[in-house]
Amino acid sequence: MTVLDQRLLRTNPELIATQLGRRGMQLDIQALQRLASEERDLQEQRSDLQAEGNRIGKEVGQCIRTGAAADSPAVQQLREQGNRIKQQVAALEEQEKALASRLHAEIAALPNLPSAQTPDGRHEADNVEVKCWGTPRVEAGLEEHWQIGERLGLFETERSVRIAQSRFITLLGQGARLERCLIQFMLDLHSRKGYREVLPPILVNSASLTGSGQLPKFAEESFRCADDDLWLTPTAEVPITSFHRDEVLPGDQLPLRYVAYTPCFRREAGSYGRDTRGLIRLHQFNKVELYWFVHPQQSEQAHAALTADAEAVLEALELPYRKVELCTGDLGFSAARTFDLEVWLPGAGTYREISSCSTCADFQARRSSIRCKDAKGTQLVHTLNGSGLAIGRTMAALLETGQQADGSVSLPAALWPYFGSDRITAD
RNA sequence: GGAGAGGUGGCCGAGUGGUCGAAGGCGCAGCACUGGAAAUGCUGUAUAGGGGCAACUCUAUCGAGGGUUCGAAUCCCUCCCUCUCCGCCA
C-alpha cells in the first residue's frame, strides 16, 4: 500500500507541508524527506548488490553448463563471493525494512491534502453555508424527537442497555416500521437514478479500514472482534472502497455508482454526555450510503452530483436543511473537500448533520490501489462518498418536523405508500 | 470441524533447480489485406520502485511470510485463501 504520493514528497514537499498546514497541522517535512531519501539510498545500494549477486549466479550456471565440475576451484570461488554478497544484502535489507516501516507509519498517519476549493478555517465555526432549502418550523413548545418517540412507543432506550449498553436503541412498532420504510424508500430513490444496490459484509478486515483511511489513526473509533482480524464497519464506505481494492477498472465503465444500506458501528469515544437521548448518536445506526468511483477529471462534477442526490432525499421528504461546506480545519481524515447537509430539527431548534458528502480525490484509491485504464495508461481513480441519508437522524427530523398539536406525527406524502399511512398515532 | 485438490500476467493455461518476467491461447492496440467490416497474417501488449534528456538499464514481484542454494515459479516450513466431498447449521 502506498499512502502518500512518494513522488510528491520528493518533488514538492513544500506543497504537502502547506496543504497540511491549512488543516492546522504542524508537519516536520524535512524529517520525513530525510527518512525517505535515506531509504532510497539504502534501496539503491541493495539493488546494486543484488545485481552483482545475480550476475554471479548466472556465471556459475554458465560454468557448469560448459563442463566445469560443480566443485572446481573456479566455481567454489564464485560461490564464496555469492555467499558474501548474500550476507551483505541481508544486512542492508534489515536496515531498509526498519526504515521503510518507520517511514510508512509516519506517512500513513497523515490525512488527505485539502482541495484548492476548500475554504480555510480552524474549526466548525469557520464552515461556509452555501445553501438553505425549505422553511424551518420555528414555534415554541415543540417536542424533541426522543420525547415524541417515547410518548408514541416508537423506541426503547432503557431495555436496550440491558441488551447491550448505553447508546444502543431498540425500535418498536411503528418506529421499527418507519426505519425499515426509510431504508427501502432511499434505496429505491437512488436505484431509480442508476445507482447499483450493494449489500456488503459489515465485518471488515484491517486492510479494508486502512484502505479507506480509518486505520491506523482511528483504531479507537471502531469495534474490533478480538479473535479475528475483523472489525464492525463504521460506514459502508469501508466495504465499498475495498470492493474494488487492487483492481484496475476499465475506463469506459466509469463512473461506478453504488448505493448501500448497512448498519454502522462507532465507538463514539470522547463523546460522553453528548446527545445521550434518542436517535442522534448511537453505537449502532443504519445508513444508506452513496459511493462513486470516477475518473480523476470528473470528480468535481461527480461531487456536485452526489451531493445533489443526497439533497434530493431531504427534499422528497420535505425536510428543510442547509448545505455547509467544511473548512480545512473541520475536514475528515480522508476527505479533500466536503459538503455537510444539516437537517432542521424543530424540537431541538437547531440544524444537525444528516449527511456528509466528500470527495477523497485519489487518497483512498492510493491506499487501496484502485486504478483505471484508458488510452493514456493507468492512473488512480477518485472516490467519493456521501450519506443518502443517515436513517436514525432522518427519523428524528421527521418526528420533530411532522409533530401535530394532537400528539400525532404527520408524514410526507413520499412515505405514504411505504408506511401504509399518512401519520404516526398513539397505538 | 474431517478428508482431498489447488492458488502463475487483464483472463485462461503450461512450466519440478540455471538461458523463466515466465510457452501457448484469449482479450486488447497498431499495421497489412478490404469499398467497409469479418476472417486471416504480422508486430506489440504485466506491475511497482531506482538511475538516465533519451534510447535504455537495474531491482523486486508466479497467494503471503520465512528457509535451503552461488542460483527458486519449481525444494522445505508456517500462514492465508479458493474449490470438491463429508459433518454441522439459518
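Nothing here was measured: the structure is a model prediction, and the numbers come from that model. Labels below follow one simple rule: chain letters A, B, ... track the order of the sequence lines, proteins then strands, and each chain is numbered from 1.
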Ion pair A:Lys193/A:Asp309, N-O distance below 4.0 Å
yes
Before accepting this row, confirm whether a basic side-chain N of the pair A:Lys97/A:Glu94 lies closer than 4.0 Å to the acidic partner's carboxylate O.
no
Expressed in angstrom and rounded to an integer, what is the separation of [X] atom [atom1] from [N] atom [atom2]?
X: A:Arg367; N: B:rA48; atom1: CZ; atom2: P; result: 19 Å
X: A:Glu94; N: B:rG65; atom1: CD; atom2: C1'; result: 16 Å
X: A:Asp246; N: B:rA64; atom1: CG; atom2: C1'; result: 13 Å
X: A:Glu93; N: B:rU61; atom1: CD; atom2: C1'; result: 13 Å
X: A:Asn205; N: B:rC81; atom1: CG; atom2: P; result: 10 Å
X: A:Glu59; N: B:rU19; atom1: CD; atom2: P; result: 15 Å
X: A:Gln45; N: B:rC58; atom1: CD; atom2: C1'; result: 15 Å
X: A:Gln87; N: B:rG67; atom1: CD; atom2: P; result: 13 Å

Can you tell me the Watson-Crick or wobble partner of [N], both distances under 3.5 angstrom?
N: B:rU45; result: B:rG27
N: B:rA3; result: B:rU84
N: B:rU19; result: none
N: B:rA14; result: none
N: B:rC33; result: none
N: B:rA73; result: none
N: B:rA54; result: none
N: B:rU78; result: B:rA64

Suppose you measure atom [atom1] in [N] against the same atom in [M]; what distance do you get, rounded to whole Å?
N: B:rU82; M: B:rC28; atom1: P; answer: 31 Å
N: B:rU74; M: B:rU19; atom1: C1'; answer: 16 Å
N: B:rU68; M: B:rC56; atom1: P; answer: 38 Å
N: B:rG7; M: B:rA64; atom1: C1'; answer: 11 Å
N: B:rG52; M: B:rA39; atom1: P; answer: 46 Å
N: B:rC76; M: B:rA72; atom1: C1'; answer: 12 Å
N: B:rA48; M: B:rU43; atom1: C1'; answer: 27 Å
N: B:rC12; M: B:rG27; atom1: C1'; answer: 10 Å

Excluding sequence neighbours, so at least two apart, what forms side chain to side chain contact (heavy atoms under 4.5 Å, CB included) with A:Ser334?
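With sequence neighbours excluded, A:Ser334 shows a side chain to side chain contact (heavy atoms under 4.5 Å, CB included) to A:Cys360, A:Phe363, A:Gln364, given in chain and number order.
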Pairing residues for A:Asp246 by the side chain to side chain contact (heavy atoms under 4.5 Å, CB included) criterion, not counting sequence neighbours
A:Ser369
Residue whose closest nucleotide on RNA chain B lies nearer the 5' end, A:Val248 versus A:Gln50
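Upstream on the strand: A:Val248.
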Can you tell me which residue pairs pass the ring pair (Phe, Tyr, Trp, His ring centres under 6.0 Å) test with a partner in residues 407-427 of chain A, sequence neighbours excluded?
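Only A:Phe185-A:Tyr418 qualify under ring pair (Phe, Tyr, Trp, His ring centres under 6.0 Å).
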Could you tell me if A:Arg257 sits above the aromatic ring of A:Tyr195, with its cationic atom closer than 6.0 Å to the ring centre and no more than 45 degrees from the axis?
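The answer is yes, since A:Arg257 meets both limits relative to A:Tyr195.
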Would you tabulate the side-chain donor-acceptor contacts of residues 26-41 of chain A under 3.5 Å, counting partners in other chains and residues two or more places apart, or write 'none'?
from    : atom 1 : to      : atom 2 : distance (Å)
A:Asp28 : OD1    : A:Gln30 : N      : 3.4
A:Asp28 : OD1    : A:Ala31 : N      : 3.3
A:Ser37 : OG     : A:Arg34 : O      : 3.4

Should the ring pair A:Phe223 and A:His283 be called parallel, tilted or perpendicular, given that the plane angle runs from 0 to 90° and is split at 30 and 60?
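A:Phe223 and A:His283: perpendicular rings.
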Tabulated below should be each protein N or O lying under 3.5 Å from an N or O of nucleotides 50-57 of chain B; please produce it.
from   : atom 1 : to      : atom 2 : distance (Å)
B:rG50 : OP1    : A:Arg10 : NH1    : 2.6
B:rG50 : OP1    : A:Arg10 : NH2    : 3.1

With the criterion being N/O to N/O and under 3.5 Å, what pairs connect the protein with nucleotides 68-71 of chain B, and how long is each?
from   : atom 1 : to      : atom 2 : distance (Å)
B:rC70 : OP2    : A:Asn83 : OD1    : 3.4
B:rG71 : OP2    : A:Lys86 : NZ     : 3.2

Only pairs under 3.5 Å count here: list side-chain donor-acceptor contacts from residues 145-158 of chain A, not counting sequence neighbours, and write none if there are none.
from     : atom 1 : to       : atom 2 : distance (Å)
A:His145 : ND1    : A:Glu400 : OE2    : 3.4
A:His145 : NE2    : A:Leu279 : N      : 2.8
A:Gln147 : OE1    : A:Glu144 : N      : 2.7
A:Arg151 : NE     : A:Glu143 : OE1    : 3.2
A:Arg151 : NE     : A:Glu143 : OE2    : 3.2
A:Arg151 : NH1    : A:Gly407 : O      : 3.0
A:Arg151 : NH2    : A:Glu143 : OE1    : 2.6
A:Arg151 : NH2    : A:Gly407 : O      : 3.3
A:Glu156 : OE1    : A:Arg159 : NH1    : 3.0
A:Glu156 : OE2    : A:Glu158 : N      : 3.3
A:Glu156 : OE2    : A:Arg159 : N      : 3.2

Taking only residues two or more places apart in sequence or in another chain, which ones pass side-chain hydrogen bond (donor to acceptor under 3.5 Å, both in side chains) with A:Glu106?
none
Tell me every residue that passes side-chain hydrogen bond (donor to acceptor under 3.5 Å, both in side chains) with A:Arg266, counting only those two or more places apart in sequence or in another chain.
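A:Arg266: no side-chain hydrogen bond (donor to acceptor under 3.5 Å, both in side chains) contacts found.
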Could you tell me whether A:Arg371 contacts a base, only the sugar-phosphate backbone, or nothing, with contacts defined as non-hydrogen atoms closer than 4.0 Å?
sugar-phosphate
